[in-house]
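Throughout, protein chains are lettered first and strands after them, A, B, ... in sequence-line order, and every chain is numbered starting at 1.
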There are 2 protein chains.
Amino acid sequence: MAGSDRPTSRDVARAAGVSQATVSLVLGGKWRGRVSERTADAVRRAAGELEYRPNLAARSLRLGRTRTALLVVPALTHEYFARVYTGAARVADEHDFGVVLYPSPEGTGPARDPFGSARAAIDGVIASSMAADALSGIADGGLPLVMLDSGPGAAGGPPTVDLAVADGIRQVVRHLVGLGHRRITHLAADVDTWTFRVRAQTVREELAGVAGAELATERCELDVGPARAAAVRALTAPGRRPTALLCDGDVLAAGACKAARGLGLRVPDDVSVSGFDDLSLATALDPELTTVRLPAEDVGARGMSALLALLDGAPTPPTELPVHLIPRASTSPPPTD
Amino acid sequence: MAGSDRPTSRDVARAAGVSQATVSLVLGGKWRGRVSERTADAVRRAAGELEYRPNLAARSLRLGRTRTALLVVPALTHEYFARVYTGAARVADEHDFGVVLYPSPEGTGPARDPFGSARAAIDGVIASSMAADALSGIADGGLPLVMLDSGPGAAGGPPTVDLAVADGIRQVVRHLVGLGHRRITHLAADVDTWTFRVRAQTVREELAGVAGAELATERCELDVGPARAAAVRALTAPGRRPTALLCDGDVLAAGACKAARGLGLRVPDDVSVSGFDDLSLATALDPELTTVRLPAEDVGARGMSALLALLDGAPTPPTELPVHLIPRASTSPPPTD
DNA sequence: CCCCTCACGTGTTACGTATAACGTCCGGGT
DNA sequence: ACCCGGACGTTATACGTAACACGTGAGGGG
């Protein structure tokens with residue numbers, strides 16, 4: 001039957017006994033002072049009866065806007081980015097916006113043309129944890145752009161939403177120092193993005209102010225295996241063994257824990273391990289990880305809000321979201337020995 | 001400059017000295033025998049110069065199809081579903097298709113109306129791990145539908161892509177039995193979907209054929225905390241303690257490991273633990289989990305292929321993908337004691 | 001009594017694309 | 001000489017919506 005053909009605004013108009021233009025006005029919400037309350041009600045009722053849904057393609061064509069945003073993330077399989085998406089999608093949904101993801105092969109940035117024919121038409125872009133130059137194509141294209149976790153941009157640049165990463169690292173360092181740790185190795189992700197640069201720098205700065213502090217650094221890829229290898233290097237390096245491993249992420253911390261156990265060391269009795277991100281992994285491990293909770297959903301949500309504001313021409317001041325240390329079982333005072 | 005307004009097919013036509021219709025023919029690929037090679041080349045060259053991209057809204061309006069699929073997943077923050085998405089997006093991309101996700105608040109199925117704003121914009125739906133009745137609205141709406149991980153459908157029903165879950169469970173049971181285990185507790189997810197029903201049933205069936213086998217079952221929510229509690233119950237239940245915990249997922253296995261350690265038991269020396277899914281979590285834990293690897297990306301990819309076939313009116317036979325046991329360190333022969 | 005204004009709608013158009021329905025030119029068969 | 005048909009394009013139209021620019025009465029001020 002006709003169940004498959006969806007009703008158009010003209011069908012609604014016919015049912016309500018008005019013209020298509022009136023339907024558009026009423027349902028578009030811009031009818032105040034142009035259509036009587038009675039007529040508007042009739043239109044709305046007819047639309048309800050027919051289960052009318054506006055044809056988005058036609059609307060987009062007419063308006064030149066699609067109410068769709070592109071979210072660029074390095075890898076959706078990383079829980080952090082999945083959560084960023086979730087937050088962004090929630091806010092988008094509240095504003096009748098859609099979100100499409102940049103289908104990037106794991107880890108690659110938007111090297112491919114995001115305006116390729118396949119991708120949905122886009123009103124704006126939200127890019128997370130991208131090197132700024134990786135987005136030059138988008139900026140040149142004149143598309144509204146919001147950057148997440150990329151550091152405070154230059155004035156006049158795209159709006160930004162950042163986490164207080166430096167503060168988070170400071171909390172970790174103070175936590176460790178407060179427990180009595182002085183020999184600390186920073187297990188650093190070998191990734192050249194703002195967030196990791198800030199972490200490295202903050203660890204240095206914060207520890208520089210502590211008497212007797214000794215900082216070492218081991219770099220590795222952002223994965224368990226490499227982290228384990230790096231932690232082994234850290235724990236078997238010549239000189240006195242570090243009493244704490246400060247890791248750039250929970251995933252690295254997991255590797256560090258494996259390394260410690262492999263060397264016959266107990267966590268946290270012989271060596272403390274701290275993470276970052278507070279992924280579900282943090283409480284799946286045993287001992288549970290002391291880590292820093294990142295409000296990933298909020299990052300996505302604020303990013304989407306910023307984009308919506310930008311599209312409205314509203315001012316979009318840079319945002320920085322606070323982060324919090326979550327002390328758990330993987331850190332304790334260093335061995336007295 | 002005019003850099004912001006994108007060129008239309010008419011602009012290309014003007015540049016190439018032909019009509020808009022010819023541009024559409026050439027770029028649409030249906031010009032054989034209707035347009036000379038020379039002209040076609042001129043059109044393509046002009047399109048290249050102007051960096052012409054067809055307006056997708058206009059195309060969708062004209063064709064009544066959007067080249068976009070909706071992927072419904074319970075929760076993107078579960079690594080399995082993120083990987084399903086990745087696979088689906090890859091195939092979609094290869095066919096100039098887009099994928100949008102159903103923006104479902106964690107865990108809820110399409111309780112909200114998937115036709116809200118999205119329906120107009122999609123050509124079909126891929127639903128993963130859904131209870132069949134949760135999708136009645138979609139089926140009724142006449143939208144092409146493919147179901148993932150929902151079991152072989154009735155003939156005439158929507159195409160399906162499933163994992164050989166039963167075989168995976170059989171491999172685990174045989175692995176444990178082969179190691180010598182007889183008292184096994186199944187840590188079962190308290191979720192009423194096909195995949196988990198099959199697992200419970202298969203464990204029963206497979207163990208029924210083993211002399212002296214004793215099967216117990218503990219149900220819990222699909223999370224670390226509840227799993228830990230359930231595992232504690234299992235390990236402290238009256239009677240002889242099980243020597244192996246067969247878990248319905250790596251997440252549950254993580255909880256089981258924590259429970260064991262909390263009770264002073266070593267994994268795998270005192271109790272073996274097996275997982276399912278082979279998430280990155282499986283190798284982040286210590287000991288690494290014996291588990292079953294699920295080709296999540298393939299599930300998504302095959303699902304998208306099936307949907308594309310369905311849209312082409314091609315036959316779409318049910319698919320079942322094989323799974324493989326990955327033996328690791330969390331299982332060993334039971335204590336001889 | 002006439003015209004202006006306001007309240008309430010309607011006719012029409014354009015958005016950019018794909019395609020059905022037409023030309024037009026030209027060589028060849030009869 | 002006439003018609004036919006293939007090769008090569010073009011003209012015109014529809015998709016469904018939003019919004020501009022007009023009607024059209026009714027009521028009121030002058």
Mind checking [X] for me? I need base, sugar-phosphate or nothing, with any heavy atom below 4.0 Å counting as a touch.
| X | value |
| --- | --- |
| B:T39 | sugar-phosphate |
| B:L63 | sugar-phosphate |
| A:R34 | base |
| A:S24 | base |

Where along residues 15-23 of chain A does a heavy atom fall under 4.0 Å from DNA chain D? A:Q20, A:A21

Pairwise side chain to side chain donor-acceptor pair (under 3.5 Å) hits with a residue in residues 302-322 of chain A, at least two apart: none

In the structure I gave you, are the side-chain heavy atoms of A:V73 and A:Y85 within less than 4.5 Å of one another anywhere? no

B:E49: partners by salt bridge (Lys or Arg N to Asp or Glu O under 4.0 Å), with sequence neighbours left out: none

Between side-chain atoms of residues 10-18 of chain B and protein atoms elsewhere (two or more places apart, or another chain), which donor-acceptor pairs fall under 3.5 Å?
from: B:D11; atom 1: OD1; to: B:R14; atom 2: NH2; distance (Å): 2.9
from: B:D11; atom 1: OD2; to: B:T8; atom 2: N; distance (Å): 2.9

Residue pairs involving residues 25-39 of chain B (criterion salt bridge (charged side-chain N to carboxylate O under 4.0 Å, His left out); sequence neighbours excluded): B:E37-B:R44

Could you work out, with side chain to side chain contact (heavy atoms under 4.5 Å, CB included) as the rule, every residue matching B:P318, not counting sequence neighbours? B:T160

Look at the side-chain N and O atoms of A:S36 and state whether any lies under 4.0 Å from the OP1 or OP2 oxygen of C:dG9. yes

Residue-phosphate contact under 4.0 Å: A:S9 side-chain N/O, D:dT17 OP1/OP2: yes

